[in-house]
Amino acid sequence: MAKMEVKTSLLDDMIGVGDMVLLEPLNEDSFIDNLKKRFDHSEVYTYIGSVVISINPYRPLPIYTPEKVEEYRNRNFYELSPHIFALSDEAYRSLRDQDKDQCILITGESGAGKTEASKLVMSYVAAVCGKGAEVNQVKEQLLQSNPVLEAFGNAKTVRNDNSSRFGKYMDIEFDFKGDPLGGVISNYLLEKSRVVKQPRGERNFHIFYQILSGASEDFLCKLKLERDFSRYNYLGLDSARVNGVDDAANFRTVRNAMQIVGFMDHETQSVFEVVAAVLKLGNIEFKPESRVNGLDESKIKDKNELKEICELTGIDQSVLERAFSFRTVEAKQEKVSTTLNVAQAYYARDALAKNLYSRLFSWLVTRINESIKAQTKVRKKVMGVLDIYGFEIFEDNSFEQFIINYCNEKLQQIFIELTLKEEQEEYIREGIEWTHIEYFNNAIICDLIENNQTGILAMLDEECLRPGTVTDDTFLEKLNQVCATHQHFESRMSKCSRFLNDTSLPHSCFRIQHYAGKVMYQVEGFVDKNNDLLYRDLSQAMWKASHSLIKALFPEGNPAKINLKRPPTAGSQFKASVATLMKNLQTKNPNYIRCIKPNDKKAAHIFNDALVCHQIRYLGLLENVRVRRAGYAFRQAYEPCLERYKMLCKQTWPHWRGPARAGVEVLFNELEIPEEEFSFGRSKIFIRNPRTLFKLEDLRKQRLEDLATLIEKIYRGWKCRTRFLLMKKSQIVIAAWYRRYAQQKKYQKIKSSAIIVQSYIRGWKARKLLRELKHQKRCNEAATIIAAYWHGTQVRREYRKFFRANAGRKIYEFTLQRLMQKYFLEMKNKMPSLSPIDKNWPARPYLFLDSTHKELKRIFHLWRCKKYRDQFTDQQKLIYEEKLEASELFKDKKALYPASVGQPFQGAYLEISKNPKYKKLKDAVDEKIIIAEVVNKINRANGKATSRIFLLTKNNVLLADQKSGNIKSEVPLGDVTKVSMSSQNDGFFAVHLKEGSGAAVKGDFLLSSDHLIEMATKLYRTTLSQTKQKLNIEISDEFLVQFRQDKVCVKFIQGSQKNGNIPTCKRKNNRLLEVAVP
Ligand SMILES: Nc1ncnc2c1ncn2[C@@H]1O[C@H](COP(=O)(O)OP(=O)(O)O)[C@@H](O)[C@H]1O
Ligand SMILES: [Mg+2]
């Protein structure tokens, strides 16, 4: 959110007047009254133009908070109530934006708040300038240099518990953006006499008390110190403790600050060692010792302290001891050693302590400068802050006060010069006629002090350098001669007899009328202090220290660099540094803070008119106002002026369109302000008298009230009207909404009814349609299904052959064919021999061919048998036919059969025709003989066998006697009915004859033959061919045989083998004939 531009002014809510320039009437009383009024309202700051008057409140005020910083940040100087931040902001901004180096000059008495003011300025600048880690470190270092310097350079005085005992000027350096880069600190004249002696009620420098209170036992021991102020001669005892000051805590703060600033641990250690050495120096005491030549010589009372100092600093004890007893003076290349008396020894001791301490202080400043030095070489913008001791008027004023006051004189002068110059320049810039202004110029006082020939400092130097006895009195005498006629110099003894009877002026004093008042100086000590003499023996002893810091503090002690020229006196040194400072300040844009002390009690809420009046006088503040008002009391740029007062004139209110200056002219004309009261500059209006301004302000206030009423009136009217309009509008809106609502309701009702009716009709229509469509759809579907089936059938019919389902069978058949093919081809190669009795046959390759394989084997066998048979001749065929017949008849029936297979059927075993014995027989037969064989005829009665010749012819069976060949029986084949035999391995058989036939009278034949099978077969065949009847052949182990009238049972039994292989036949009884077959 853009910050609302609140136009404020210094003139708003003013207590008294914020700017003294506007004070009316202007005199000392009104001036003080104004200050007092503001002070009572906690307004400690008041302006004189751009100068800030600051009154020490002696209490914390809530006006330095970060919120305040923000409030004053980037605001115009006169915009807000007077504040030190406004001045700081103005300075910082013109440094940053207009590239003007700035200096902030803070003046005032001791305790008036200068140091605090300088810290406030620095902290404000730190708060508003750049941010960032690096910048913050620089800021921190700059800010932390303060506690260090305060510890070593500040002390409690009667006027201020934390009085700066040195002058300080700090240059803060910025880059083009306004970010701090670093800084340089210059210090002026440390009040070193305080080290050895303090006025009543005052203390030595803080650091001594801080060490003793705050250092750890261990550290104290290292420094060879004891935690007891009363042990040290240099510490003022009556006010060693200060109310509200915690030395121990401050010690920690200082050490911490030293660390932040960048002191190394060993450096800090060395610094404290030097401080300890200074403290201990004060405890060295001397006693007189008479010497032969009657002169007194000093001796150190107790060497213990000296020893410890030497241990602490690494100085040879004898060297230091000697330096306290002798003094070597060099004159014309000759060294003369003189002894020191006790007083001189004390003087030497104190001189050493003071020098050590002040040099340490200077070293600290140098060391801090090293740390805070800007790191770049780029051009820097500089803001200098000068916090220098204020004007001092004590009861006893000595050389220090003289110097300090001289410095203040110079500052006053530069103030006058610069303020007037500024004023003058502004007039010229604005094109306004410059009128001369009367003011007191203190240049004459400065001249009295610093004039190179006749100045007091020059004379002091002259006196110090002069050979012969030089005392403070001779110096005063000289002053009395030279300065007698000077208007601002007063002395009882001066040639000018003005002060001869002035009893307030002692003889050993001189008085100077400073711009800030008359100050009387005790001349005692001037010469010594100006000489600032340290015996060379001492500086040489210091240089010989093994303590590197101490050695560095006394470079002149190096014998190789002996410089016979006297070192510059304190006065001339100071004068030179003040001159440099002035030169430096003159190049910068000055900003003044004039500090005023409201009371002597360091107390809040007390405003001592007399004290303030005195300060106002010597600070020349009234003159300051007069100078500022000499021409014109008030000036303001046209724009803000017009902005502030435009409501006082009709033409400029509420807007002025033209240039601001013309607007202001119109405005002033309209208001009838007398012409001599104001003047138009180039960019500003100048108002001569504050009265005019206040008149303007009053008019403005009144007008503002009127305007407020007007605004209120208009606002109220506007508010009522808007409210009415709003209500009217609301009513219309509500009515509209209601009407709309009602119509909507009605409409919705009609609409919903219509929708219902419509939906019923539509439903009915739709259902009807749906029915039709459904029917149509079903017809379509049916037709489609039928067509689909028909097509399917056709397609399947057509494509069946291509169906996959048949593929399996085809493949199967094909495979089968291939397998068969393979099988047959393989079989071809594996065929067994053609021998019918060969039993070999290749193994079956596939299970499924089992039956084929077997069948094939069978066919093959039949085939080869046929082949075999085809080879036979008719003769052979016959033989086999017979054999086959035999097989059919007896195979598996008669045990004898297998043995007969291998025997060829010969038929005619007996060669009847060739044997003459049978000639008769042969003749009798006369037919072809089929069988001629010898058989055994079994006797029916006893079972004994008788050989007979058995003949078979075509028609008959004949039995003949073997020996004679006489035919015993002849049976036509037709009479043979049956042949019986056993199933066993015997050659018995019975030939059954037809009952009633001729041959049957004697009964059936029971015969035995070796060729039973052949005989039975041939008998069978012959019978068949002759009678066409099958001869009955009975095979049974029990059969009946007809013996004459009896039937005898022939039974075959398993007999023993005792008769060899020949079966035996035995008649058991009438009915049974038993044949035992082995
Ligand atoms: N602006 C202030 N607000 C509160 N107290 C202040 C202010 N200025 C000064 N003081 C008090 O006055 C004392 C002396 O101020 P200091 O700045 O040391 O004086 P100077 O440097 O002029 O001798 C400080 O210690 C502090 O207590
Ligand atoms: Mg101070």
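Start at 1 and go down the list; that is how both ligands and their atoms are numbered.
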Strictly under 2.8 Å, is the Mg ion (ligand 2) approached by any N, O or S atom of Ser164? yes
Could you tell me, atom by atom, which parts of ligand 1 come under 4.0 Å of a heavy atom of Glu109? 22 (O)
What protein heavy atom is closest to atom 12 (O) of ligand 1, reported as residue, atom name and distance in Å? Asn56 ND2, 2.8 Å
Give the residue, atom name and distance (to 0.1 Å) of the protein heavy atom nearest atom 26 (C) of ligand 1. Glu116 CG, 4.1 Å
When you measure from the side chain of Gln102 to the backbone of Val382, do you find a donor-acceptor pair of N or O atoms at a distance under 3.5 Å? no
Do me a favour and list the nearest non-hydrogen protein atom to atom 21 (O) of ligand 1 with residue, atom name and distance? Thr115 OG1, 2.5 Å
Give a yes or no on whether the backbone of Gly178 and the side-chain of Tyr92 come within a donor-acceptor separation of less than 3.5 Å. yes
Which atoms of ligand 1 are found less than 4.0 Å from any heavy atom of Tyr64? 1 (N)
Could you tell me whether ligand 1 has any atom less than 4.0 Å away from a heavy atom of Ala112? yes
Using 4.0 Å as the upper bound for N to carboxylate O, is an ion pair formed by Lys597 and Asp600? yes
Quick one: do the Tyr357 and Asn355 side chains pair a donor with an acceptor below 3.5 Å? no
Under 4.0 Å from one or more heavy atoms of Asn162, ligand 1 contributes atoms 18 (O)
Nearest protein heavy atom with distance in Å, relative to atom 3 (N) of ligand 1: Pro57 CG, 3.3 Å
Output yes when the distance from some N or O of ligand 1 to some N or O of Asn160 is under 3.5 Å, and no in every other case. yes
Regarding Asp89 and His83, is there a side-chain donor-to-acceptor distance under 3.5 Å anywhere? no
At what distance is the nearest protein heavy atom to atom 15 (O) of ligand 1, and which residue and atom is it? Gly113 CA, 3.6 Å
From atom 17 (O) of ligand 1, is the closest protein heavy-atom distance below 4.0 Å? yes
Donor-acceptor pair, Tyr209 side chain versus Asn204 backbone, under 3.5 Å? yes
May I ask you to decide whether Lys119 forms a salt bridge with Glu150, counting only side-chain N to carboxylate O separations under 4.0 Å? yes
Backbone or side-chain N/O/S of Asn160 under 2.8 Å of the Mg ion (ligand 2): no
Under 4.0 Å between a Lys/Arg side-chain N and an Asp/Glu carboxylate O for Glu392 and Arg159? no
Assess Asp161 for proximity to ligand 1: is some non-hydrogen atom of it under 4.0 Å away? no
Residue and atom name of the nearest protein heavy atom (relative to atom 27 (O) of ligand 1), distance in Å to one decimal: Tyr58 CD2, 4.8 Å
Is any NZ, NE, NH1 or NH2 atom of the basic residue among Arg38 and Asp33 found under 4.0 Å from an Asp or Glu carboxylate oxygen of the other? no
Would you mind checking which non-hydrogen protein atom is closest to atom 4 (C) of ligand 1, with the distance to 0.1 Å? Arg59 O, 3.1 Å
Going through the distances and angles, do Lys602 and Asp161 end up as a salt bridge (charged side-chain N to carboxylate O under 4.0 Å, His left out)? CA-CA 9 Å; Lys602 306 176 192 169; Asp161 289 347; 2.5 Å; yes
Interatomic distance, CG@Asp246 vs CZ@Phe251, rounded to 0.5 Å, equals 12.5 Å
Can you find an N/O atom of Pro60 closer than 3.5 Å to an N/O atom of ligand 1? no
Identity and separation of the nearest protein heavy atom to atom 23 (O) of ligand 1: Gly111 N, 2.6 Å
